[in-house]
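The next block holds one structure in the form of structure tokens; read it before the comments.
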Amino acid sequence: MIKLADLEAQYQEIEAELVPAVTRVLKSGRYILGSEVDAFEQEFAAFCQAKHAVGVNSGTSALHLALLAAGVKAGDEVITVPYTFVATVAAILYIGAKPVFVDIRPDTYTMDADQIASKITPRTKAILPVHLYGQPADMEPILAIAKKHGLPVIEDAAQAHGALYKGKPVGAIGDIGCFSFYPAKNLGACGEGGAVTTNNPAYAQTVRLLRSWGEEKRYFHKYKGFNYRMDNIQGAALRVKLRHLEKWNRARQELARLYGKTLPQDKVIAPVVAPDRTHVYHIYVVRCRIPRDQIRETLNRQGIDSALHYPVPVHLQEAYSDLGYKRGDFPVAEKAAEEVLTLPLHTHMTPEQVKTVAQAVAAI
Ligand SMILES: *Cc1c(COP(=O)(O)O)cnc(C)c1O
């Protein structure tokens with residue numbers, strides 16, 4: 001059996017560090033926010049080369065509060081991509097703002113900056129690129145057009161902890177970064193978690209207040225806020241795991257390199273990494289040149305898991321049909337949704353397992 005992710009194996013590796021860290025919190029009686037969250041925020045900000053990090057209870061909450069901090073209001077428009085996990089788009093809708101989509105690039109699956117200009121209107125209030133699968137979007141042209149129109153750029157970095165764009169880690173390249181610590185992400189909590197990163201002290205302070213009922217001091221509410229606080233246990237667990245993240249990302253990159261060498265190029269196209277970026281392979285996604293179902297069935301028969309990220313772009317999802325888009329609006333995203341396939345890749349996978357998967361594909 002070769003699984004897509006293996007959190008049990010990850011636990012085994014760090015059990016001796018993780019259990020005392022969590023136990024410390026259990027004994028402290030301080031369960032929501034607290035010293036572990038404070039310390040994690042410092043350490044995660046340093047990791048992202050950001051001045052501030054604010055811990056919250058999920059990546060979705062991070063996106064929601066980042067948009068609010070950036071000043072997005074009901075009726076405003078936010079430019080993003082339809083080819084992402086639905087949370088990116090849902091966070092915009094939580095505010096009553098309107099997601100305005102631009103297509104992705106066929107090679108990196110990230111925002112096509114050339115399509116942004118034609119979508120900017122007087123209502124546009126932010127641009128929200130997604131660093132999909134673990135590779136940063138092409139930030140320089142996105143930042144250039146944002147600057148020209150005075151728009152903040154919010155990075156959805158939920159899949160890309162530690163990925164570099166022109167040598168700079170994601171999260172503080174744009175104005176605000178949003179991270180998820182869903183357990184299977186490259187940096188995962190023992191439950192839900194997320195963070196907002198920024199160099200802007202005003203944004204950081206707004207997010208800090210909004211995550212806890214907009215409270216400036218006890219029972220004095222400056223803003224209408226939310227219950228989006230991070231658990232202290234998650235702060236403790238994340239501090240332990242952050243110490244392993246660079247090594248784990250390197251392990252993912254090694255396995256990806258091996259996949260690239262061993263996968264049959266006539267059947268699948270390996271991920272394309274732009275020369276000015278690093279990819280941290282939150283997931284390893286190939287593009288199929290032969291029928292995808294045939295590959296999946298063959299792998300499944302041999303006990304090898306696979307998945308689709310994502311089978312339907314957001315603009316064609318039933319839940320978001322009221323956004324008014326139709327098939328054909330974003331042809332690059334639609335074609336990707338038909339051709340992509342996620343193969344197993346996680347930090348505790350062995351090179352032999354990668355070869356087994358590659359050989360199974362080659363034998364089709
Ligand atoms: C996981 C993810 C989110 C949401 O994070 P949660 O912690 O699950 O709320 C948002 N955007 C992307 C691209 C993601 O992969």
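Atoms within a ligand are numbered from 1 in the order they appear, just like the ligands themselves. Worth knowing before you read on, the calculation uses all heavy atoms, side chains too, and leaves out hydrogens, waters and symmetry mates.
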Atom CD of Glu13: over 12 foreign heavy atoms under 6.0 Å | yes

NZ (Lys73) with more than 12 external heavy atoms under 6.0 Å = no

Using a 4.0 Å heavy-atom cut-off, which part of [X] comes near ligand 1: side chain, backbone, both, or neither?
{"X": "Ala158", "result": "side chain"}
{"X": "His282", "result": "neither"}
{"X": "Thr84", "result": "side chain"}
{"X": "Thr60", "result": "both"}

Sub-4.0 Å atoms of ligand 1 with respect to non-hydrogen atoms of [X]:
{"X": "Ser58", "answer": "7 (O), 9 (O)"}
{"X": "Ala87", "answer": "3 (C), 4 (C), 10 (C)"}
{"X": "Thr88", "answer": "11 (N)"}

Tyr325 reachable from Val332 in the ILVMFWY side-chain graph, under 4.5 Å edges | yes

Return the residue, atom name and 0.1 Å-rounded distance of the protein heavy atom closest to [atom].
{"atom": "atom 8 (O) of ligand 1", "answer": "Ser180 OG, 4.0 Å"}
{"atom": "atom 15 (O) of ligand 1", "answer": "Gln159 NE2, 2.8 Å"}
{"atom": "atom 14 (C) of ligand 1", "answer": "Lys185 NZ, 3.2 Å"}
{"atom": "atom 11 (N) of ligand 1", "answer": "Asp156 OD2, 2.8 Å"}

Are Asp76 and Arg123 within salt-bridge range, i.e. N to O under 4.0 Å?
-> no

Indicate whether any N or O donor in one side chain lies under 3.5 Å from an N or O acceptor in the other, for His282 and Asn186.
-> yes

Scan side-chain atoms only and decide if His131 and Tyr165 contain a donor-acceptor pair under the 3.5 Å cut-off.
-> no

Measure from the ring center of Tyr109 to the ring center of Tyr310 and say whether it is less than 6.0 Å.
-> no

Is the centre of the Phe85 ring less than 6.0 Å from the centre of the His309 ring?
-> no

Could you tell me whether some N/O pair between Gly59 and ligand 1 is separated by less than 3.5 angstrom?
-> yes

Taking both backbone and side-chain atoms of Tyr182, is any N or O found less than 3.5 Å from an N or O belonging to ligand 1?
-> no

Specify whether Phe181 and Phe44 have parallel, tilted or perpendicular ring planes, treating 30° as the upper limit for parallel and 60° as the lower limit for perpendicular.
-> perpendicular

